[in-house]
> 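This is the structure I have questions about; it appears just below.
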Amino acid sequence: MKSSLVSILPFFLFFLSTSLSQRCNQNDKKALLEIKKSLGNPHDLITWDPKTDCCNDWSQTTLSCDDNTNRVTSLILIKIKNAGYISPSIGDLLYLQHLDITNIRNLSGPIPSTLAKLTNLTFLKITQTNISGTIPDFFGEMQNITYINLSDNNLMGTIPQSLDQLSNLSYLQLDRNKLTGSIPESFGRLLSRKLEFLYLGHNKLSGVIPSSFTNWSFETLDLSGNKLEGDISFLFGENSNTFQLYLSRNKFEFDFSKLKFGGKLVSLKLNHNNIYGGFPAGFASRPWQEFNISYNNLCGKIPQGGYMIRFDIYSYVHNKCLCNYPLPPCKS
């Protein structure tokens, strides 16, 4: 009997050692290998070997696993050179919380519908790729998500109203795509919750800014490079806590002289619009870091002193009748 135990012991220890070393959930491993295949089996993912354990042996700069569940919770795919698409198997990583796909220029195809299964996702970044199609409605079902960045892709269609269901969303970046239509009025629901950063610039959006934006303070609001129009003076105000407003290259039209600014605003770009009037009182005393009102219909004296010394002629050119340094002197 003793001899039998001695002979079995090495095999038991080998089995125990193998079991302990294989942390990776097999369903997660299968999904990851499918993702690798969909990307053309790139050399960048050479450590993704089916014979090894994904939690222990695969590149830890690429993915990470939770120590308690041994499930994959973070997946980062950056600068992979091969062409490919996002495999539907990504939806089988059911414990995934952080997904970052950045600067894979040959990545094409739509955002797979299986992402709807990732109910634990809090961070989603798919940027600088060639993915196309529309922004899926199912994003509105991801109730845990706080950060979405889908910038610099080839996404088209309208902004889905379902996004207004994301009660925890604080950061939304959809700029540099081919989005059309208007900004949903229902975005006011997002604004009444936690949204602080909104980037919609460099699309093909049209129409007016929703009235639900009234009296809302963003950390950053970027609407530049669209076909938006109307009076947006309601985005300003003494009680606003907004830091950065990028509103250039649209068709906005309002009286600049009547604006009042919150104490935190340091970046303001309004160039290439239809803004008229002159400078508001006290403008020069503000701590401007970025400022541009060129290519509008403004008139009057450019205020001097304070932080105005930072800005050259290119912040003012092509207006109706602005004068004073750095433009030519005003005529008496």
Side-chain angles (χ1 to χ4, degrees), residues 23-25 27-29 31-32 34-35 54-55 58-80 86-104 107 110-129 131 133-153 155 159-177 184 186-200 216-222:
R23 289 179 54 209
C24 185
N25 178 275
N27 290 331
D28 287 358
K29 186 174 186 178
L32 290 167
E34 285 295 324
I35 293 168
C54 70
C55 290
W58 294 9
S59 174
Q60 297 306 299
T61 59
T62 305
L63 61 90
S64 58
C65 300
D66 181 82
D67 289 335
N68 295 319
T69 63
N70 294 332
R71 301 300 296 262
V72 175
T73 56
S74 176
L75 178 60
I76 301 174
L77 302 171
I78 297 178
K79 294 184 179 180
I80 293 174
I86 304 175
S87 171
S89 296
I90 201 165
D92 294 329
L93 299 173
L94 299 179
Y95 284 69
L96 201 63
Q97 300 173 20
H98 183 116
L99 176 60
D100 184 347
I101 301 174
T102 298
N103 197 11
I104 307 179
L107 189 69
I111 298 173
S113 60
T114 52
L115 258 67
K117 296 160 61 177
L118 303 180
T119 57
N120 293 302
L121 204 64
T122 60
F123 181 103
L124 173 63
K125 184 177 182 181
I126 305 176
T127 182
Q128 301 175 54
T129 77
I131 62 167
T134 59
I135 299 174
D137 279 327
F138 66 70
F139 279 167
E141 302 171 12
M142 295 181 168
Q143 290 300 306
N144 289 316
I145 204 157
T146 62
Y147 179 106
I148 295 177
N149 183 350
L150 300 176
S151 64
D152 200 1
N153 295 301
L155 296 170
I159 300 172
Q161 292 191 10
S162 61
L163 293 179
D164 66 20
Q165 301 172 32
L166 300 177
S167 58
N168 292 307
L169 190 68
S170 63
Y171 186 106
L172 178 61
Q173 187 166 0
L174 305 176
D175 58 301
R176 301 182 187 280
N177 281 288
S186 60
F187 261 34
R189 298 180 189 176
L190 282 175
L191 303 182
S192 66
R193 294 168 182 171
K194 297 181 179 180
L195 188 66
E196 296 180 341
F197 298 87
L198 179 60
Y199 299 84
L200 301 177
W216 184 258
S217 296
F218 295 88
E219 291 281 333
T220 301
L221 174 62
D222 181 3

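Hydrogens, waters and symmetry mates play no part in the numbers below; they use all other heavy atoms, side chains included. Along the sequence shown, residues are numbered consecutively beginning with 1. The structure presented is a predicted model; accordingly, all values stated were derived computationally and were not measured.
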> Say you draw a straight line from OH of Tyr199 to OG1 of Thr220; how long is it, rounded to the nearest 0.5 Å?
4.0 Å
> Find out whether Leu115 and Ile90 are in side-chain contact, i.e. whether some heavy atom of one side chain is under 4.5 Å from a heavy atom of the other.
yes
> Measuring only between side-chain heavy atoms, which start at C-beta, is Val72 closer than 4.5 Å to Asn25?
no
> Could you check if a side-chain atom of Ile159 sits within less than 4.5 angstrom of a side-chain atom of Leu200, using non-hydrogen atoms only?
yes
> Taking atom CZ of Arg176 as the centre, report whether more than 12 heavy atoms of other residues, nucleotides or ligands fall under 6.0 Å from it.
no
> Side chains of Asn168 and Ile145: closer than 4.5 Å at any heavy-atom pair?
no
> Is the closest side-chain heavy-atom distance between Leu77 and Thr62 below 4.5 Å?
yes
> Could you go step by step and tell me if Asn120 and Leu96 meet the side chain to side chain contact (heavy atoms under 4.5 Å, CB included) rule?
CA-CA 6 Å; Asn120 293 302; Leu96 201 63; over 6 Å; no
> Evaluate the side chain to side chain contact (heavy atoms under 4.5 Å, CB included) criterion for residues Leu63 and Trp58: first the C-alpha distance (whole Å), next the side-chain angles of each, then the deciding distance (0.1 Å), finally the verdict.
CA-CA 8 Å; Leu63 61 90; Trp58 294 9; 3.8 Å; yes
> Rounded to the nearest 0.5 Å, what separation is found between the CD atom of Glu196 and the CG atom of Leu172?
13.0 Å
> Looking only at heavy atoms, which two atoms of Ser89 and Glu34 are closest? And how far apart?
OG-CB, 3.3 Å
> Distance from Thr146 atom OG1 to Lys194 atom NZ, nearest 0.5 Å?
9.0 Å
> Within the 3.5 Å criterion, strictly below it, is a donor on Thr127 or Ser151 matched to an acceptor on the partner's side chain?
yes
> Has the side chain of Gln143 got a donor or acceptor atom that lies under 3.5 Å from a matching backbone atom of Gln165?
yes
> For Pro112 and Pro88, which heavy atoms make the closest approach, and how far apart are they?
CB-CA, 4.1 Å
> When rounded to the nearest 0.5 angstrom, what is the spacing between CG in Leu99 and OG1 in Thr122?
10.5 Å
> Which distance, rounded to the nearest 0.5 Å, do you find between the CD1 of Ile101 and the NZ of Lys125?
11.5 Å
> Of the non-hydrogen atoms in Pro136 and Pro160, which two are nearest, and what is the gap between them?
O-CG, 4.1 Å
> So do the side chains of Ile126 and Ile86 get within less than 4.5 Å of each other, counting heavy atoms only?
yes
> Do Cys65 and Cys54 have their SG atoms under 2.5 angstrom apart?
no
> Contact between Leu32 and Leu75 at the side-chain level, heavy atoms closer than 4.5 Å - yes or no?
yes
> With sequence neighbours excluded, tell me which residues meet ring pair (Phe, Tyr, Trp, His ring centres under 6.0 Å) with Tyr147.
Phe123, Tyr171
> Distance alone, cut at 3.5 Å: any donor-acceptor contact between the side chains of Asn153 and Thr129?
yes
> Atom CG of Leu93 and atom NZ of Lys117: how far apart are they, to the nearest 0.5 Å?
9.5 Å
> Would you please classify the geometry between the Trp216 ring and the Phe218 ring as parallel, tilted or perpendicular, with 30° and 60° separating the classes?
perpendicular
> Compare all side-chain heavy atoms of Thr114 with those of Asp92 and state whether any distance is below 4.5 angstrom.
no
> Would you check if the side chain of Arg193 reaches a backbone N or O of Asp164 as a donor-acceptor pair within less than 3.5 Å?
yes
> Determine, step by step, whether Leu163 and Leu169 satisfy the side chain to side chain contact (heavy atoms under 4.5 Å, CB included) criterion, reporting the C-alpha distance in whole Å, the side-chain angles of both residues, the deciding distance to 0.1 Å, and the verdict.
CA-CA 9 Å; Leu163 293 179; Leu169 190 68; 5.6 Å; no
> Mark yes or no for whether Asn177, through its side chain, and Asp175, through its backbone, hold a donor-acceptor pair below 3.5 Å.
yes
> Counting only heavy atoms not in Tyr95 (residues, nucleotides, ligands), do more than 12 fall under 6.0 Å from its OH?
no
